[in-house]
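For reference, the structure discussed in these notes is given below.
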Amino acid sequence: TRRTLLAGMLLSVVAVAGCGKKAEEPAASAASDAAPAVTQGTEYVVGTDASYAPFEFQNDQSQIVGFDIEVLSAVADKGGFKVKFVNTPWEGMFATLAQGDRDILSSAITITDERKQSMDFSEPYFEARQLIAVGKGVTGVKTFQDLKSKKVAVQTGTTGDEVVQKLLGKTSSNIKRFESMPLALKELEGGGVDAAVGDNGVVINYVKNNPQHGMTTVEDLQSFAPEYYGFAVKKGNKELLDKVNAGIKAIKADGTYDQIFNKYFGTK
Ligand code: ARG
């Protein structure tokens, strides 16, 4: 019918507008006669895997909140731009930058040489390290080496996945990979694996908030190197990267960064 045809056309117009529109373009709706534009300046779309408390997660009202969210929001304030956070699965997240679906990634992303080849990173804004979570009743795990003959859960494609691959071998059937860190830790709770390896902040937070499962944590400063989180932008997007870096510099200088840090992690 005419109606469905029209609806179909409308849908495709919306779809085309949705894909093609670059966040940095001023809203084409400026001509709308109603209220004056609410968003002043550029609004960038930020991808984040909001299953990573305390860095990015959804609160009881399903709002995306967390340390990374507050840091990048403050960075945007100082850098003179706007951000809109969009929940984005970790797997495939990097591709959204290249495709132009996201302008910035804010997702506790460790800056690595390999990743630097396909995206650009801001100055580091947080230091992290891998940490081992050990299941209830599992004995003999004092160091990372002790996981050699154990079943280990990780989040797919993370730096945790990488270190465990190095120890157990890339194709080891003792590595169980999950699309999110909470799923990996749930597997540990259920006894499907002996341990999980992931970013310390997230592992500590989870173990602390789920005491009924009797998990413990094991630190291994010899085996795990410090990692640094950065915000990522599309390779070559120097204009945006400069704004982000200027914002980071500003919030470190004026105490805003420390304030947010202390709110989440206590004093340094
Ligand atoms: N820092 C680790 C990495 O870059 C894990 C990050 C996972 N982040 C997330 N929001 N799921 O590989």
Side-chain angles (χ1 to χ4, degrees), residues 45-59 62-73 83 85-98 101-133 144 152-167 170 175-188 195-207 209 217 219-220 223-233 235 260-261 264-265:
V45 180
V46 182
T48 187
D49 167 22
S51 66
Y52 216 63
F55 296 96
E56 42 266 340
F57 58 103
Q58 287 182 287
N59 67 12
S62 298
Q63 290 161 320
I64 299 175
V65 295
F67 176 78
D68 287 351
I69 310 306
E70 290 194 37
V71 170
L72 187 62
S73 298
V83 283
F85 293 91
V86 179
N87 203 357
T88 305
W90 173 254
E91 281 178 81
M93 178 182 283
F94 297 159
T96 66
L97 270 189
D101 293 334
R102 305 286 184 270
D103 300 299
I104 307 176
L105 302 179
S106 167
S107 206
I109 302 173
T110 301
I111 303 170
T112 69
D113 286 337
E114 195 192 342
R115 290 172 182 170
K116 274 195 212 161
Q117 311 199 339
S118 53
M119 64 197 100
D120 286 339
F121 283 99
S122 70
E123 291 300 316
Y125 66 88
F126 190 82
E127 184 181 318
R129 222 183 257 267
Q130 296 304 304
L131 185 68
I132 306 164
F144 184 48
V152 186
V154 295
Q155 183 180 16
T156 311
T158 57
T159 44
D161 189 358
E162 281 170 28
V163 290
V164 173
Q165 274 179 40
K166 276 201 196 110
L167 184 71
K170 209 180 173 90
I175 307 178
K176 287 209 185 181
R177 297 192 174 84
F178 296 87
E179 64 190 61
S180 78
M181 202 57 208
L183 285 175
L185 290 158
K186 284 242 154 59
E187 183 75 7
L188 180 62
V197 174
D199 291 10
N200 50 355
V202 175
V203 169
I204 288 169
N205 185 270
Y206 192 93
V207 168
N209 288 318
T217 58
E219 201 175 50
D220 184 342
S223 304
F224 302 132
E227 300 182 17
Y228 297 92
Y229 294 170
F231 301 113
V233 301
K235 198 154 188 55
I260 302 171
F261 185 97
Y264 283 88
F265 306 106

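Both counts, for ligands and for their atoms, begin at 1 and track the order of listing.
Separation of the Tyr264 and Phe126 ring centroids does not fall under the 6.0 Å cut-off. Under the 6.0 Å cut-off for aromatic ring centres, Tyr228 and Phe121 do not qualify, their centroids lying 6.0 Å or more apart.
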Quiz prompt | Derivation of the side-chain hydrogen bond (donor to acceptor under 3.5 Å, both in side chains) call for Gln165 and Asp161 | solution = CA-CA 6 Å; Gln165 274 179 40; Asp161 189 358; 3.0 Å; yes
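Between Phe265 and Phe55, the angle of the ring planes lies from 30° to 60°, which puts this pair in the tilted group.
For ligand 1, residues of the protein lying within 4.0 angstrom by heavy-atom distance are Asp49, Tyr52, Glu56, Trp90, Ser107, Ala108, Ile109, Thr110, Arg115, Gln155, Thr158, Thr159, Asp199, Tyr229.
Listed by first and then second residue, the side-chain hydrogen bond (donor to acceptor under 3.5 Å, both in side chains) pairs involving residues 196-206 are Tyr52-Asp199, Gln130-Asp199, Glu189-Tyr206, Asp199-Tyr229, Asn205-Asn209 (not counting sequence neighbours).
Looking at heavy atoms from C-beta onward, Trp90 lies out of side-chain contact with Thr156 at the 4.5 angstrom threshold.
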